[in-house]
Protein chains: 2
Amino acid sequence: MDKTASQNDTGASAARRRLLDTATRLFYTEGIRAVGIDRIIAEAGVAKATFYNHFPSKDDLVLTYIKEQDRLGRDAVSALPEQPPRAMISAIMGRISAAVVAGGWRGCPFLNAAAEYPDPTSAVRQAIDARRTWHHDVLRELLLADGDPTPSVTASLLVALSDGLLEAAYLDDPKGVPALVAEALERLLVRR
Amino acid sequence: MDKTASQNDTGASAARRRLLDTATRLFYTEGIRAVGIDRIIAEAGVAKATFYNHFPSKDDLVLTYIKEQDRLGRDAVSALPEQPPRAMISAIMGRISAAVVAGGWRGCPFLNAAAEYPDPTSAVRQAIDARRTWHHDVLRELLLADGDPTPSVTASLLVALSDGLLEAAYLDDPKGVPALVAEALERLLVRR
DNA sequence: TCCTATCCAGACAGGTCTGTCTATTTGCAG
DNA sequence: CTGCAAATAGACAGACCTGTCTGGATAGGA
């Protein structure tokens with residue numbers, strides 16, 4: 001998961017920043033429903049009234065957490081050096097390996113959140129939808145530029161592989177995942 | 001998700017069976033932490049004392065739910081007609097399509113549960129581990145018999161694809177998944 | 001200096017959660 | 001018919017949850 005949140009911060013309040021950082025850590029490592037407001041404000045060293053001054057409700061905090069993770073991921077992709085489509089696809093998929101070997105991996109925050117939010121019309125689920133659409137679209141356009149004959153299908157397969165390997169890194173063996181990412185790219189992309 | 005639980009039932013009590021069926025439905029569609037004991041016993045039409053007579057705690061009920069889903073999945077694979085390895089692999093992966101087009105798909109129950117159980121030493125997580133090991137091993141042995149040069153790697157990729165496509169069916173488009181399953185097999189298995 | 005915005009500490013209400021307990025009823029085996 | 005196992009309804013304790021509120025501390029700009 002992206003952790004460089006404290007830097008480019010939106011919202012501009014030390015207390016708010018501490019709240020969001022603490023919530024991000026706790027929601028990610030322990031689950032959303034499992035973590036209460038009292039716990040977050042205690043570990044952030046913030047009063048309850050201050051919390052409700054910055055976030056109208058817990059759900060709003062959750063939504064902010066999800067949207068920030070989304071933004072950080074997109075920013076990281078935007079910051080990748082310009083390179084040919086095929087190399088760019090490898091670089092994007094390579095972010096999986098980077099996230100996973102760092103340690104403390106607890107699965108994809110978006111998939112974990114989706115498991116706790118069954119209502120597809122909820123704001124959290126819609127934010128997750130937006131994230132997934134972005135991911136698919138980025139890959140599809142790169143595949144199109146790379147000359148892939150079925151860019152949308154290949155993009156769907158790459159998204160599925162990403163999700164599956166992120167789960168494998170959480171539940172099975174993180175160390176084996178980078179090799180699997182490379183192997184998957186070999187097999188899913190058209191040989192040239 | 002497998003729903004033919006009421007038949008081959010272990011535990012042999014009508015109340016217990018009703019409790020487990022109701023819990024399975026609610027845990028799956030709404031999440032585990034989101035569903036309380038009071039809700040389960042109300043919908044199952046069972047008294048609270050009866051519940052705690054059959055299950056020592058809620059966690060025990062959750063574990064029973066996970067283990068039953070695991071058993072149903074393994075039974076379904078065992079019941080597949082005998083066929084050559086490659087066809088058997090297709091049949092196993094084809095269960096994804098079957099599960100997903102049935103409607104009411106809310107994601108893989110094991111991945112959803114894992115999102116809510118961060119502690120890898122918990123009984124629930126260990127049951128999920130066992131399930132994942134079984135899945136990988138079944139595929140690896142079939143791939144070995146099929147002459148795949150790297151059966152373990154290919155099995156890991158197939159497991160990742162399964163997980164990813166099950167998530168795609170939940171969060172993106174269920175209708176597109178069967179075609180993606182077929183396409184993934186084409187690309188991941190060695191061409192013969 | 002004073003005013004205002006932000007913050008902290010913590011009580012409180014109203015609800016929900018798990019798990020225990022009492023007291024009663026049902027139904028089947030001997 | 002008797003006796004026992006299992007079921008019922010529901011109160012209860014103790015903990016935790018979200019969200020509101022009061023009251024006081026702090027700090028920076030006019």
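Labels below follow one simple rule: chain letters A, B, ... track the order of the sequence lines, proteins then strands, and each chain is numbered from 1.
For A:Y170, the side chain to side chain contact (heavy atoms under 4.5 Å, CB included) test picks out A:W105, A:R106, A:E167, B:A114, B:R125, with sequence neighbours left out. Scored by the side chain to side chain contact (heavy atoms under 4.5 Å, CB included) test, A:A87 finds A:Q83, A:P84 as partners (sequence neighbours excluded). When the side chain to side chain contact (heavy atoms under 4.5 Å, CB included) test is applied to B:P151, the partners found at least two apart in sequence or on another chain are B:R140, B:L143, B:L144, B:D148.
Ion pairing between B:R18 and B:E43 fails under the 4.0 Å rule for side-chain N and carboxylate O. Between A:E68 and A:R17 there is a salt bridge, since at least one side-chain N of the basic residue sits less than 4.0 Å from a carboxylate O of the acidic one.
Rounded to an integer number of Å, the gap from CD1 of A:I41 to P of D:dT20 is 14 Å. Going from atom CG of A:D38 over to atom C1' of D:dT20 covers 13 Å, rounded to whole Å. For A:L61 and D:dT18, the CG to C1' distance is 13 Å, given to the nearest whole Å. Whole-Å rounding puts the A:R39 CZ to D:dT18 P distance at 12 Å.
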note = Quick tally for nucleotides 6-15 of chain D: nucleotides whose base has a protein heavy atom under 4.0 Å get B, sugar-phosphate-only ones S, the rest -, giving -SBBB-----
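On the nucleic acid side, DNA chain C contacts chain B at distances under 4.0 Å to non-hydrogen atoms, with the end points of that region at C:dT18 to C:dC21.
Under the ring-ring contact (aromatic ring centres under 6.0 Å, His included) criterion, the residue pairs touching residues 57-102 of chain A are A:F27-A:Y65, with sequence neighbours excluded.
Here the straight-line distance linking atom CZ of B:F110 with atom CG of A:L171 works out to 12.0 Å at 0.5 Å rounding. Put simply, CG on B:L165 and CD on B:E183 are 11.5 Å apart, with the number rounded to the nearest 0.5 Å.
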